[in-house]
Protein chains: 2
Amino acid sequence: MDKQEIYDDLKKRILTLQLEPGAALDEASLSQAYSISRTPLREILRALAGEGYVEIVSNRGAHVAPMSHKVLRDFFQTAPMLYSAIGRLAAHNARPAQIDEMRAVQARFRQAIEGGSSEDMVYWNQRFHALMGEMADNPYLRPSYDRLLIDHARISQTFYRPRDKDMQQRTLDALAQHDYMIAAIEAGDGQRMVDLIVEHWELSRDLLEYFVKPDPLAFELPAVNS
Amino acid sequence: MDKQEIYDDLKKRILTLQLEPGAALDEASLSQAYSISRTPLREILRALAGEGYVEIVSNRGAHVAPMSHKVLRDFFQTAPMLYSAIGRLAAHNARPAQIDEMRAVQARFRQAIEGGSSEDMVYWNQRFHALMGEMADNPYLRPSYDRLLIDHARISQTFYRPRDKDMQQRTLDALAQHDYMIAAIEAGDGQRMVDLIVEHWELSRDLLEYFVKPDPLAFELPAVNS
DNA sequence: CGTATACAAATTGTATACATTATTTTCTAC
DNA sequence: GTAGAAAATAATGTATACAATTTGTATACG
């Protein structure tokens, strides 16, 4: 494995929760596992920290970025705005080669759904949306957007129930929405894209909010939307 | 200078254009200048790359993040949305200690204006807005917001004319708006904050757009809001 | 029995030497 | 004299050794 592959491998393991949120990333073990010295491994960890996959505290090493309760609140608060903005820009700025690549990724996503591998599903879905971020071609929005995608992948993985019929149907709906998105991007239709993104988000959000109880005390307290 | 100080020093030099966009950052020279070895210096450069201050290309070293024409277009397209979102959140989430710190920073900004040092002005204005980003306390929005602030500082510095009477007046207006913002944050008034941010942005934008021609072709094309 | 302190182990941080990749210069062929 | 290739130079990338910091453990003391 060269440096780039190690980098991608760690990303994938974090996205698929093979490396759990908060898990310690020991430099010595990792460098031994990947057969490189600590120096380049440290640089990889620092690059991952810059993208939000990892948190580093001075003299206390690197840990997989945690998923606290606050993270979930902020996630639901922030995602719709950024997803819409990225979607609109993607429709305006996507290049033909990128659209081809998106079709290829979508095909892989479809395969993963048919194959029933939830890990692959989460990964190729993530690749689909990451590619949309590339299409948007806005260097200011991307770092935030990509961070949202990291946690979106991890949250989905956490709550996914492959045996649940309802959830299977929702997954197929999401797959179909992806196809419509590709069409909207190809047509350069920004408004259509925003509508699709909102729809897509609501599907995802309803699924997640079913499992996420933002406040465990809600049962004992009056139900107030703060 | 310890590692953190070197890190901060490089940030400051990039923000104030002492290190120009695109300038090469040679590892050997820098490590010698700061009296540390190349290993920790490389880590600093990689951390700066993660925040958008620096761009690193494999085997070709680090350069100060460039300021292309496209960057300017994207900047004007993206800033209003993120600035408003951050402003609203800051009003909702600011903690008393942060408000105190903001007052201190604002005092320094006022001093810089009175002292006439454009470098200090840009720096303390940047600190003011960066602090607002901290107050907002949203880990997803911050990386994008901070990147916008980097280029905002650099663009301002590029076009600032300290002798221009009109520009001096606008600077004083901006200073006053900062005071109103502190009041809005203290009152927890998110909507008031958004209004102030929009006003503040328009002041800044008008100033910059006077110098920046985002699209030389616009003159020949019909004026369309795409 | 709980707490504090001193020592030991483990982990991260830094410096230096060496390897690899880019770039520049120089030489040769045409 | 120019173009191309080869060598020299200079840069970045990696490995290893050592230093500093943190964490864990044992023991002494209240």
Side-chain angles (χ1 to χ4, degrees), chain A residues 1-14 17-68 139 143 147 150, chain B residues 1-14 17-68 139 143 147 150:
Chain A
M1 270 198 198
D2 70 7
K3 207 171 169 182
Q4 184 62 46
E5 287 170 334
I6 296 170
Y7 186 70
D8 291 339
D9 187 63
L10 281 170
K11 276 191 187 179
K12 191 167 183 173
R13 284 177 192 276
I14 291 171
L17 297 177
Q18 283 173 44
L19 288 169
E20 290 180 19
L25 297 169
D26 178 64
E27 295 178 2
S29 332
L30 281 176
S31 64
Q32 199 172 354
Y34 286 119
S35 302
I36 52 170
S37 75
R38 277 179 53 223
T39 311
L41 185 88
R42 279 169 65 88
E43 295 192 347
I44 290 171
L45 290 177
R46 266 144 192 82
L48 289 172
E51 291 186 53
Y53 287 85
V54 159
E55 282 189 4
I56 293 176
V57 180
S58 188
N59 287 315
R60 277 189 219 173
H63 294 253
V64 177
M67 295 271 297
S68 63
R147 274 170 162 78
I150 294 171
Chain B
M1 270 197 196
D2 71 6
K3 207 171 168 182
Q4 184 63 45
E5 287 170 334
I6 296 170
Y7 186 70
D8 292 337
D9 187 62
L10 282 171
K11 275 191 186 179
K12 190 167 182 174
R13 284 176 193 276
I14 290 170
L17 297 178
Q18 284 171 45
L19 288 169
E20 292 180 17
L25 296 169
D26 179 65
E27 295 178 1
S29 331
L30 281 175
S31 65
Q32 199 172 355
Y34 286 118
S35 302
I36 53 170
S37 74
R38 277 179 53 222
T39 311
L41 185 88
R42 280 169 64 88
E43 294 193 347
I44 291 171
L45 289 178
R46 267 145 191 81
L48 289 172
E51 291 185 52
Y53 287 86
V54 160
E55 283 189 3
I56 293 176
V57 179
S58 188
N59 288 315
R60 277 188 218 172
H63 293 254
V64 177
M67 294 273 296
S68 64
R147 273 170 163 79
I150 293 171

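Quick note on labels: first sequence line is chain A, next is B, and so on, each numbered from 1.
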A:Y34/A:L10 under side-chain contact (heavy atoms from CB on, under 4.5 Å): CA gap, chis, key distance, verdict: CA-CA 10 Å; A:Y34 286 119; A:L10 281 170; 3.6 Å; yes
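- With rounding to the nearest 0.5 Å, the separation of CG in A:L41 from CG in A:L30 is 5.5 Å.
- Between the side chain of B:Q32 and the main chain of B:S29, no donor-acceptor pair closer than 3.5 Å is present.
- Taking B:I56 as the reference, B:L45, B:R46, B:A49, B:V54, B:A62 meet the side chain to side chain contact (heavy atoms under 4.5 Å, CB included) condition, with sequence neighbours excluded.
- Legend: residues meeting side chain to side chain contact (heavy atoms under 4.5 Å, CB included) with A:D8, ordered by chain and number and at least two apart, are A:Q4.
- Taking every nucleotide of DNA chain D with any atom under 4.0 Å from a non-hydrogen atom of chain A, the first and last of them, 5' to 3', are D:dT14 to D:dT23.
- Legend: side chain to side chain donor-acceptor pair (under 3.5 Å) pairs involving residues 57-68 of chain A, not counting sequence neighbours: none detected.
- Although no hydrogens or angles enter the test, the distance criterion places no donor-acceptor pair under 3.5 Å between the side chain of B:E20 and the main chain of B:L17.
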Per-nucleotide pairing state of DNA chain D [Watson-Crick or G-U, under 3.5 Å; [ ] pseudoknot-crossing; | other strand]: ||||||||||||||||||||||||||||||
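- At a non-hydrogen distance threshold of 4.0 Å, A:R46 from residues 43-50 of chain A come into contact with DNA chain C.
- Less than 4.0 Å separates DNA chain D from at least one heavy atom of each of the following residues of residues 53-62 of chain B: B:S58, B:N59, B:G61.
- Near DNA chain C, defined here as any heavy-atom distance below 4.0 Å, the residues from residues 33-42 of chain B are B:I36, B:S37, B:T39, B:P40, listed numerically.
- A heavy atom closer than 4.0 Å to some atom of DNA chain C occurs in no member of residues 21-32 of chain B.
- The minimum heavy-atom distance linking B:P143 with A:P143 is given by the pair CB-CB, 4.0 Å.
- When every heavy atom of B:P139 is checked against every heavy atom of A:R147, the shortest pair comes out as O-CD, 4.0 Å.
- In this view, B:D9 and B:R13 satisfy the salt bridge (Lys or Arg N to Asp or Glu O under 4.0 Å) rule, not counting sequence neighbours.
- Across all their heavy atoms, A:P40 and A:K3 have their closest contact at O-CE, 3.9 Å.
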B:L48 vs B:L25, side-chain contact (heavy atoms from CB on, under 4.5 Å): CA-CA, chis, key distance, verdict: CA-CA 12 Å; B:L48 289 172; B:L25 296 169; 6.0 Å; no
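- Between atom OG of residue A:S31 and atom CD1 of residue A:I6 there is a gap of 9.5 Å, rounded to the nearest 0.5 Å.
- The shortest non-hydrogen separation linking A:G52 to A:A65 is O-CB, 3.5 Å.
- For the pair B:P66/B:E55, a side-chain contact is recorded, criterion being any heavy-atom separation below 4.5 Å from C-beta on.
- For B:R42, the salt bridge (Lys or Arg N to Asp or Glu O under 4.0 Å) partners at least two apart in sequence or on another chain are A:E43, B:E27.
- Listed by chain and residue number, A:L15, A:Y53, A:R154 satisfy the side chain to side chain contact (heavy atoms under 4.5 Å, CB included) test with A:I150 (two or more places apart in sequence, or in another chain).
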